[in-house]
Amino acid sequence: MVLSAYGTALVCAALISCGALALSCARAGLGARRGALTALLAVPLCIVCARGYYLLMNNVIGGAFWMGGLISFYPYENAMCGSVLGAMLAAVLAARLTGERSARLLDALAPAALLMIVLARAAEVFSDFGWGQVIDDPALCFFPVAAQDMYGQWHGAVFMLESVLALAVLASVLLRKWCVPGGRFAFALVCWSMAQIFCESLRAETLRWGFVRVQQVQCAVFALAALAVGSVKAGLRGRRIALPWGVYLLGVALVVGLEYALDKLPMPRALDYALMAAVLAAMGWAALRPWAQLENNRL
């Protein structure tokens, strides 16, 4: 599988992203040594954590039968959220080993990590993964809106939507000026997480615990962690902290309700997804509200 088109595309994506990380570290004044160490740690940790996360959530907690070995190069036997955790761990470890602040290395990592997601999702065109539901409308049966399986059926190309949304987040990260250490990474993580919650809902195959889509929960936890850290850094108290936390937690409840409605209620799917997108945008705003206040105070 490593030598397949998909495996080759992933290797090329990793090499390009490592180069982007080196460039990002150089521009941030972190030096080549820190960038190289982060990349050397990130590659194995992303692979191990992507597989380990899948095994933990699917086999250990989910109670599924054992599938494959400790390393798998099939995309459906790995988890993107695990890979994101691996990249974060690599930056924190590299910071500890070099005496650098973790926030600075995470900020430098953000564009390279997003680029890797963009390329990795696009590479799923060479696999049988990342599809949505079967599309019956012939007007929509074309790439990149849809992808064809081995039986000639067309499915929604969710992997391309994920790639495009990650690219949009990457562009936003690169175009903005960042003053607060950790702000760039928080912005990247929250925006990607909200987009991924939406895309996970569209995927036909994804990690599940019954009704619950595991990586949707993980992405909500990512954004919640960013909100918590931002709230502490900004020193929010009283009403100032009640608004973002209230909006975020209400948004979580609404997304759960909308996910339930997709399967159980006679609600138009287009309306459901439109409402979900609006709720996720509000949740992203809430999670980034403390960071925005920090940025405004530094300007």
Side-chain angles (χ1 to χ4, degrees), residues 49 53 57 79-92 95 101-111 113-114 117 162 165-166 168-170 172-173 175-201 212-259 275-299:
C49 290
Y53 187 98
M57 299 300 177
M80 179 62 77
C81 284
S83 188
V84 170
L85 286 169
M88 293 165 60
L89 179 59
V92 172
R101 294 177 63 185
S102 297
R104 293 193 68 201
L105 263 180
L106 286 169
D107 282 342
L109 173 69
L114 285 168
I117 292 173
E162 290 169 320
L165 290 176
V169 177
L170 173 58
S172 298
V173 166
L175 291 174
R176 288 189 59 176
K177 180 181 179 181
W178 305 94
C179 301
V180 176
R184 168 187 268 189
F185 179 77
F187 179 87
L189 183 63
V190 169
C191 291
W192 175 78
S193 294
M194 295 300 101
Q196 191 59 34
I197 289 174
F198 183 86
C199 292
E200 283 289 329
S201 181
V212 178
R213 293 173 181 254
V214 177
Q215 294 190 89
Q216 282 187 321
V217 176
Q218 182 64 67
C219 287
V221 171
F222 281 150
L224 182 64
L227 172 58
V229 173
S231 297
V232 172
K233 284 181 174 290
L236 298 185
R237 297 288 187 276
R239 293 181 180 179
R240 294 180 63 203
I241 198 172
L243 177 61
W245 280 84
V247 170
Y248 189 84
L249 295 176
L250 176 60
V252 170
L254 290 174
V255 169
V256 171
L258 290 168
E259 280 289 338
L275 291 173
M276 187 182 298
V279 171
L280 290 169
M283 289 171 61
W285 171 87
L288 291 172
R289 178 66 176 171
W291 293 95
Q293 292 176 345
L294 284 168
E295 290 284 343
N296 291 335
N297 292 339
R298 290 286 294 270
L299 291 175

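Note that the coordinates shown come from a computational prediction; the quantities given were computed from them, not determined experimentally.
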- Message: So, taking the atom named SG in Cys219 and the one named CE in Met80, what distance separates them when rounded to the nearest 0.5 Å?
- Response: 10.0 Å
- Task: Identify the two heavy atoms, one from Gly235 and one from Arg240, that lie closest to each other, and give their separation to 0.1 Å.
- Result: O-NH1, 4.4 Å
- Starting from the C-alpha separation in whole Å, work towards a yes-or-no answer on side chain to side chain contact (heavy atoms under 4.5 Å, CB included) for Gln215 and Gln196. CA-CA 8 Å; Gln215 294 190 89; Gln196 191 59 34; 5.8 Å; no
- Note on the structure: Of all heavy-atom pairs linking Gly86 and Cys49, the shortest is CA-SG, 3.7 Å
- Query: To the nearest 0.5 Å, how far apart are CZ in Phe198 and CG in Leu258?
  - Reply: 10.5 Å
- Message: Show, in sequence, the C-alpha distance, side-chain angles and deciding distance for Phe185 and Met88, and conclude whether the side chain to side chain contact (heavy atoms under 4.5 Å, CB included) test is met.
- Response: CA-CA 10 Å; Phe185 179 77; Met88 293 165 60; 3.5 Å; yes
- Message: Does Val84 form a side chain to side chain contact (heavy atoms under 4.5 Å, CB included) with Leu189? I'd like the steps, not just the answer.
- Response: CA-CA 9 Å; Val84 170; Leu189 183 63; 4.2 Å; yes
- Item | Any Arg289 side-chain heavy atom under 4.5 Å of Leu236 side chain | no
- Note on the structure: To the nearest 0.5 Å, atom OG of Ser193 lies from atom CD of Gln218 at 8.5 Å
- Backbone of Lys233 reached by a side-chain donor or acceptor of Trp291 within 3.5 Å: no
- Message: Within this structure, what is the CH2-CG distance for the pair Trp192 and Leu114, rounded to the nearest 0.5 Å?
- Response: 9.0 Å
- Do you know the tightest heavy-atom contact between Leu170 and Pro111? CD1-O, 3.5 Å
- Message: Please check: side-chain N/O of Ser172 versus main-chain N/O of Ala168, any donor-acceptor pairing under 3.5 Å?
- Response: yes
- Minimum-distance pair of heavy atoms, taken over all atoms of Leu288 and Ala186: CD2-O, 3.7 Å
- Do Glu200 side-chain atoms and Gln216 backbone N/O form a donor-acceptor pair below 3.5 Å? no
- Task: Locate the shortest heavy-atom distance separating Leu105 from Ala91; write the atom from each residue and the value.
- Result: CD1-O, 3.5 Å
- Message: What's the separation between atom CD in Glu162 and atom CD1 in Ile117, rounded to the nearest 0.5 Å?
- Response: 9.5 Å
- Over all heavy atoms of both residues, which pair between Arg184 and Asp107 is shortest? Give the atoms and the distance, please. CD-O, 2.9 Å
- Item | Spacing of CG belonging to Leu275 relative to CG belonging to Leu280, to within rounding of 0.5 Å | 11.0 Å
- Partners passing ring pair (Phe, Tyr, Trp, His ring centres under 6.0 Å) against Trp245 (at least two apart in sequence or in another chain): none
- Report the C-alpha distance between Val256 and Glu259 in whole Å, list the side-chain angles of each, state the deciding distance to 0.1 Å, and finish with yes or no for side chain to side chain contact (heavy atoms under 4.5 Å, CB included). CA-CA 5 Å; Val256 171; Glu259 280 289 338; 5.8 Å; no
